[in-house]
Amino acid sequence: MQILTPHVYWAQRHGEIFLRVELSDAKVGQTSTSISCCNTINYIILSTAQGHGAKGDNEYEFSLEFLEPVQPEINHKSTQRQVDIKIKKQEERWWDRLTLQEKKPLFLAPDFDRWLDESDAEMELQAKEEKINKISVESRVRKDPYLGLKKGYLFMYNLVQFLGFSWIFVNMTVRLFILGQDSFYDTFHTTADMMYFCQMMAVLEVVNPLLGLVKTGFFPAMIQVAGRNVILFVIFGSVEEMQNKPVVFFVFYLWSTIEIFRYPFYMLACINTEWKLLTWLRYSLWIPLYPLGVIAEAVAVIQSLPIFDETRLFSLPLPAMLGHSLSFSYSLQLYLVLMFLGLFINFRHLYKQRRRRFRSRKRKVH
């Protein structure tokens, strides 16, 4: 019987070589290597392999001289369709080619199912190392016995806030479609109670970072919660003249629009679940909505200044020689400056979060 040469496909990693021999129902009699230490030429010889190849049932064999030394141990596995061979390099480095001779044999071709270029192989190796390091770190870190309780608390908090702001958003949207612009003037009276509840609950977002329950920063959370509560409880809640103004509608509507995407994102994160569309909305919608919300809050503060001057509400008493009292409007003017400073700090913080999030997703894709 004539002995033929099979088709052989190859690929490599920094430490390994993969060969795929196209032989179906192969019976491999012997796979061996002979190594010459003098000239560091390495052979792999597949001999007495009987199987069905390109020219039918025959005996097949091939030999290769590798570019650099390999280890003598060879792993091979025969399947119904092919023979898979894995060989370890003596030195983990990238080879420019497989064989010692520059002209490759006619029976040899790249295995595109396994093929990676050097940069892709380095990324794969780096990903494996990061995974091993992560497992190593996780094995050393003591597991938190209260982790389930903490996640349950955070899940319920975000769920309650999502339901509360969803009620506000739906209520205002329905009234807008039914009443049109007339709905602007009674927004406070129809939604204030639920907004009070949600914003009082939001104080927990300042407490949670202090207790180590979440990794978000304390100061960005405090700036946002304190700023909103000043608008809600001081500007709208204590001044009746402000409660019928259209600006209340825009402030409440922008707040609720942001939160109906933010809270479900955090809620799903508690159960290690992610919806790509929700992630994109959470990290993209705030870019226009957050500045618009701050502008609406600033309009509300500016509209309230003459009212505080006239009513002297929250004015600070002064000695007779300095005057009767210091109007609260001066404090609000200072607050306006701090509001836009807070906008810059929070915007920068959220933008960094967005960049980190989408960078990590890109690394996972690669």
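In what follows, every heavy atom counts, from backbone to side chain, and hydrogens, waters and symmetry copies are set aside.
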Item to complete: Please assess Arg228 against Val251 for the test side-chain contact (heavy atoms from CB on, under 4.5 Å), listing each intermediate value before the final yes or no.
Response: CA-CA 10 Å; Arg228 285 189 178 184; Val251 171; over 6 Å; no
Quick one: side chain to side chain donor-acceptor pair (under 3.5 Å) partners of [X], sequence neighbours excluded?
X: Gln161; value: Tyr157, Tyr263
X: Lys150; value: Asp144
X: Thr257; value: none
X: Arg97; value: none

Practice prompt. Check the pair Gln333 / Val337 against side-chain contact (heavy atoms from CB on, under 4.5 Å), numbers first and verdict last.
Written response: CA-CA 7 Å; Gln333 292 173 40; Val337 177; over 6 Å; no
Quick check: closest heavy atoms across [X] and [Y], and the distance to 0.1 Å?
X: Pro105; Y: Leu64; value: CG-CD2, 4.1 Å
X: Pro6; Y: Glu22; value: CB-O, 4.4 Å
X: Tyr196; Y: Gly237; value: OH-CA, 3.3 Å
X: Cys270; Y: Phe155; value: SG-N, 3.7 Å
X: Gln243; Y: Phe236; value: NE2-O, 3.0 Å
X: Pro264; Y: Ile260; value: CG-O, 3.0 Å

Worksheet item: For Glu205, what residues pass the salt bridge (Lys or Arg N to Asp or Glu O under 4.0 Å) criterion, not counting sequence neighbours?
Response: Arg262
Worksheet item: Considering residues at least two apart in sequence or located in another chain, which fulfil the salt bridge (Lys or Arg N to Asp or Glu O under 4.0 Å) criterion with Asp111?
Response: Arg20
Worksheet item: Hey, is Glu16 close enough to Arg114 for a salt bridge, meaning N to O under 4.0 Å?
Response: no
When rounded to the nearest 0.5 angstrom, what distance separates [atom1] in [X] from [atom2] in [Y]?
X: Tyr153; Y: Asn208; atom1: OH; atom2: CG; answer: 3.5 Å
X: Ser329; Y: Leu336; atom1: OG; atom2: CG; answer: 10.5 Å
X: Ile258; Y: Tyr290; atom1: CD1; atom2: OH; answer: 8.0 Å
X: Phe197; Y: Phe165; atom1: CZ; atom2: CZ; answer: 10.5 Å
X: Asp84; Y: Leu19; atom1: CG; atom2: CG; answer: 9.5 Å
X: Trp255; Y: Thr191; atom1: CH2; atom2: OG1; answer: 10.5 Å

Worksheet, complete the sentence: side chain to side chain contact (heavy atoms under 4.5 Å, CB included) filter on Phe314, not counting sequence neighbours, yields Val234, Ser238, Phe308, Phe328
Worksheet, complete the sentence: For Ile223, the side chain to side chain contact (heavy atoms under 4.5 Å, CB included) test, sequence neighbours excluded, returns Ile345, Asn346
Discussion item. Could you list the cluster mates of Phe218? Members are the ILVMFWY residues connected by side-chain heavy atoms closer than 4.5 Å, either directly or through other members.
Written reply: Val203, Val206, Leu210, Phe219, Met222, Val225
Please examine the side chains of [Y] and [X], heavy atoms only from C-beta on, and report whether any two atoms are closer than 4.5 Å.
X: Leu108; Y: Trp10; result: yes
X: Glu259; Y: Ser256; result: no
X: Val239; Y: Ser304; result: no
X: Val248; Y: Met195; result: no
X: Phe66; Y: Leu98; result: yes

Practice prompt. Evaluate the criterion side-chain contact (heavy atoms from CB on, under 4.5 Å) for residue pair Phe252 and Met194; output intermediate values, then yes/no.
Written response: CA-CA 11 Å; Phe252 283 12; Met194 183 61 72; over 6 Å; no
Linking I/L/V/M/F/W/Y whenever their side-chain heavy atoms sit closer than 4.5 Å, directly or via other members, would [X] and [Y] fall into one cluster?
X: Leu285; Y: Tyr283; answer: yes
X: Met172; Y: Phe177; answer: no
X: Trp95; Y: Phe18; answer: no
X: Leu277; Y: Leu289; answer: yes
X: Phe112; Y: Tyr9; answer: no

Discussion item. Using the ring-ring contact (aromatic ring centres under 6.0 Å, His included) criterion, which residues pair with Trp167? Sequence neighbours excluded.
Written reply: none
Practice prompt. Kindly write out the residues that satisfy ring-ring contact (aromatic ring centres under 6.0 Å, His included) with Tyr253, not counting sequence neighbours, or none if the list is empty.
Written response: Phe169, Phe249
Fill in: From CA spacing to verdict: side-chain contact (heavy atoms from CB on, under 4.5 Å), Phe265, Thr279
CA-CA 7 Å; Phe265 170 79; Thr279 301; 3.6 Å; yes
Any chance [atom1] of [X] has more than 12 other-residue heavy atoms, nucleotides or ligands included, within less than 6.0 Å?
X: Tyr330; atom1: OH; value: no
X: Glu241; atom1: CD; value: yes
X: Gln101; atom1: CD; value: yes
X: Leu106; atom1: CG; value: no
X: Met201; atom1: CE; value: yes

Worksheet item: Between Glu68 and Lys89, does a salt bridge (charged side-chain N to carboxylate O under 4.0 Å, His left out) hold up when you go through it step by step?
Response: CA-CA 8 Å; Glu68 294 186 12; Lys89 301 176 182 177; over 6 Å; no
Item to complete: Mark yes or no for whether Gln82, through its side chain, and Val21, through its backbone, hold a donor-acceptor pair below 3.5 Å.
Response: no
Worksheet item: Tell me, which pairs form a salt bridge (Lys or Arg N to Asp or Glu O under 4.0 Å) where one or both residues lie in residues 151-177, sequence neighbours left out?
Response: Arg175-Asp186
